[in-house]
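Notes follow once the structure below has been shown.
All values below come from the heavy atoms of this structure, side chains included, with hydrogens, waters and symmetry mates left out.
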Amino acid sequence: MLIKSQTDSNSKMMSVYNFNRSDSEILQELVRVFSAGRGTAREQWSAQAELIVEPVGWDALWKLSKQFCKRFEVRFPCIAYVTVSSVDFEALSASVEVLSVQHEAVSLPETVEDVPLIELWPTTQQREQCINDATTAEFIDLLRFYYTNIWMPWDDQDDKVVLPNTIEDRMQLWMDLHNGTIPNCVARTITLLRSSAVNAYEKLKELDSSICDGGLTDEDDSLLPPSYISLCAEMSARLDGLMSKWTLYENPLIREQYLAKARSKWQKHKAQKNVVALWQGGPISEFEEMSKFLRSRVSKEQTLSVLVSAEEGLALEPGDMVVCSPNYELPEMPLSQISLCSFKGATLRAAEMRTCLLQLSEDCRLRDLTLNCALVNTVIVMRAGTLHVANCALSDDSDTCQSDFAQGIVAMSGAKILIENCTFDNFYSGIVVHKGAQVELRGCSIRKCGVGIQIYSGSSVLLNDTSISGCSEHSVRCELDKTAAKDLSSVKELEIMPNCRIGSGDTKKEVLIVSQDASLL
């Protein structure tokens, strides 16, 4: 049986518990959890959950992960109102009965098993009177913080013992990342390192799941596809390498020495005002033409390096990078204060599967590029800072973009983005604008996406001479909190100039406004 979204008063999303704890209070609670016993992270959390979490009968909002949305073929993000029928303490998951779904035209199964506890937010109003909902919510909130910010994939490996001092070191690292102790250039590297490790771990889980779904077991090693064995070996080796790098940052004594070297190296490169030209070689006539182009762009104060390797070029912390060959694979490396452009056009893509093609911050510029997301979930993630994108084509040319949830540009809080004369093709979400971000589009085209632009409360989007067409769901989707406006004329997050062409032309139909609990946005 399927549960479809409802529009009556009983289907309104409930309020959830929110907790405002200081860093020291969070650390104290985490140390308490890991002081109670010895074992893997999951084993220690499971033991605590069995003592604290209500085993059955509590109501919650379920914020479906991308994996669940993919399984049920529904739009991400999606929120459902559920009641918990049982809790698997060992797996830190629950079986739930779906009561209602927020989004219109969305259907979910009546019951769903193996929902991670961290995807559930207990509601402040419970239908059952004898539920210990506040304590359950507080525990899950701490569990969610740990798995979102502190956990590393190797914490749950067999025979791995996670000790309180490891938690203290990780928590101190997390605080240093957020209080400015660690320079931005290094903080971005640490954040990306953790993200890469989690992604490698998730990829291994997906591979194991695909083999299980195919009916093969551990006893059938001789029947395993060569591609599976190769990918598992590649991801395992990648995870081991990332774990070694992580120790440079987790141990506070090693971290301080490493940070001192990183600061010195970064300052040296930045002082040189480097310009990097990426060229894979070619005839002398091409080199002469390229040289003329570079002379017009490089000043006497700048140092020019012509390199083959993109990784070596980006390691120089260049202020400008010119891609002179038609195709280049970019390494997974956070970038800031950089200008990327091309000589006669160039396509940039990822060398292997990862989260995003470009992770940017501070002041960045992109011009005259084709950005491909065949191996990534998102083309550009822009964190706090300014970004100018001009004359670029962003596309997903794979056959599975809808199921893979590919995104063009994601603007995080503090990002201010100007996009001029660019095209977005074949994305699940063309542009995603989070709270505290500003995006302006001039002369752009968004085509054949699931949703052209996804907007959240507290953001700002201006469309000028821009067209959105062929979207399978909506041209613009506004995910706003409960207190926000409910009609387009009073939505302060979105401004559409008269020279725009939005779908059929009827903006009331093309722009969908959905209410959501602010704590889940």
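- Defined by atom type and a distance below 3.5 Å, a donor-acceptor pair is present between the side-chain atoms of Asp133 and Tyr17.
- Looking only at distances, a side-chain donor or acceptor of Gln44 sits under 3.5 Å from a matching main-chain atom of Gly39.
- In this structure a side-chain-to-backbone donor-acceptor pair under 3.5 Å is missing from Ser196 to Arg194.
- Asn149 contributes a side-chain N or O that, together with a main-chain N or O of Phe145, makes up a donor-acceptor pair within less than 3.5 Å.
- Donor-acceptor pairing under 3.5 Å is recorded for the side chains of Thr355 and Asn199.
- Side-chain atoms of Glu138 and Leu142, non-hydrogen and from C-beta on, never get closer than 4.5 Å to each other.
- Residue Glu202 qualifies as enclosed at atom CD: its count of foreign heavy atoms under 6.0 Å is above 12.
- Side-chain atoms of Gln126 come within 3.5 Å of backbone atoms of Asp59 as a donor-acceptor pair (strictly under, hydrogens ignored).
- Using a distance-only test at 3.5 Å, with no hydrogens or angles considered, no donor-acceptor pair links the side chain of Ser469 to the main chain of Gly503.
- Aromatic pair Tyr81/Trp121: centroids not less than 6.0 angstrom apart.
- Between Val433 and Gln454, every side-chain heavy-atom pair lies at or beyond the 4.5 Å cut-off.
- Checked by atom type and distance alone, the side chain of Thr40 never pairs as donor or acceptor with a backbone atom of Lys160 at under 3.5 Å.
- Residues Ser95 and Asp114 fail the side-chain proximity criterion, which asks for heavy atoms closer than 4.5 Å.
- The CD1 atom of Ile380 sits 12.0 Å away from the CD atom of Gln359 when rounded to the nearest 0.5 Å.
- Counting heavy atoms of neighbouring residues, nucleotides and ligands inside a 6.0 Å radius, atom CD of Glu25 exceeds 12 of them.
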Working note: Ser85 + Glu97, criterion side-chain contact (heavy atoms from CB on, under 4.5 Å); need CA distance, chi angles, decisive distance, verdict. CA-CA 7 Å; Ser85 55; Glu97 297 177 6; 4.0 Å; yes
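- Side-chain N or O atoms of Ser236 include none that pairs as donor or acceptor with a backbone N or O of Ala233 at under 3.5 Å.
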Give the intermediate values and the outcome of ring-ring contact (aromatic ring centres under 6.0 Å, His included) for residues Trp154 and Tyr201. CA-CA 9 Å; Trp154 41 86; Tyr201 171 79; 9.5 Å; no
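- For Arg42 (side chain) and Ala91 (main-chain N/O), a donor-acceptor pair under 3.5 Å exists by modelled atom type.
- A 4.5 Å side-chain heavy-atom check between Glu493 and Val461 finds every atom pair outside the cut-off.
- Listed by chain and residue number, Trp45 satisfy the ring pair (Phe, Tyr, Trp, His ring centres under 6.0 Å) test with Phe139 (two or more places apart in sequence, or in another chain).
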When you look at Ile419 and Ile431, which way does the side-chain contact (heavy atoms from CB on, under 4.5 Å) test go after all the steps? CA-CA 11 Å; Ile419 308 171; Ile431 301 171; 4.0 Å; yes
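- Judged purely by atom type and a 3.5 angstrom limit, Arg447 has no side-chain atom pairing as donor or acceptor with the backbone of Gly452.
- At least one side-chain heavy atom of Leu239 sits under 4.5 Å from a side-chain heavy atom of Leu204.
- Under the 4.5 Å side-chain criterion, counting only non-hydrogen atoms from C-beta, Thr378 is not in contact with Leu357.
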In sequence, state the C-alpha distance, the side-chain angles, and the governing distance for Leu120 and Leu61, and then conclude on side-chain contact (heavy atoms from CB on, under 4.5 Å). CA-CA 6 Å; Leu120 298 175; Leu61 294 188; over 6 Å; no
Residue pair Lys63, Glu119: steps toward the side-chain contact (heavy atoms from CB on, under 4.5 Å) verdict: CA-CA 6 Å; Lys63 186 176 182 180; Glu119 293 183 14; 5.5 Å; no
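- No side-chain heavy atom of Val381 sits less than 4.5 Å from a side-chain heavy atom of Leu360.
- If you run side-chain contact (heavy atoms from CB on, under 4.5 Å) between Ile468 and each of Val476, Val511, Ile496, only Val476 comes through.
- Side-chain polar atoms of Ser24 and Ser22 form a donor-acceptor pair below 3.5 angstrom.
- Using a 4.0 Å cut-off between charged side-chain N and carboxylate O, Asp155 and Arg170 make a salt bridge.
- Enclosure of atom CZ in Arg32 by more than 12 non-hydrogen atoms of other residues, nucleotides or ligands within 6.0 angstrom is indicated.
- Glu110 has its side chain out of reach of Val96: every pair of non-hydrogen atoms, C-beta onward, lies at least 4.5 Å apart.
- A salt bridge does not link Arg477 with Glu510: every distance from a Lys NZ or Arg NE/NH1/NH2 to an Asp or Glu carboxylate oxygen is 4.0 Å or more.
- Ring geometry for Tyr146 versus Phe34: interplanar angle of 30 to 60°, hence tilted.
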For a side chain to side chain donor-acceptor pair (under 3.5 Å) check, start with the C-alpha distance between Asn132 and Trp58, then their side-chain angles and the critical distance, and finish with the verdict. CA-CA 8 Å; Asn132 194 1; Trp58 45 281; over 6 Å; no
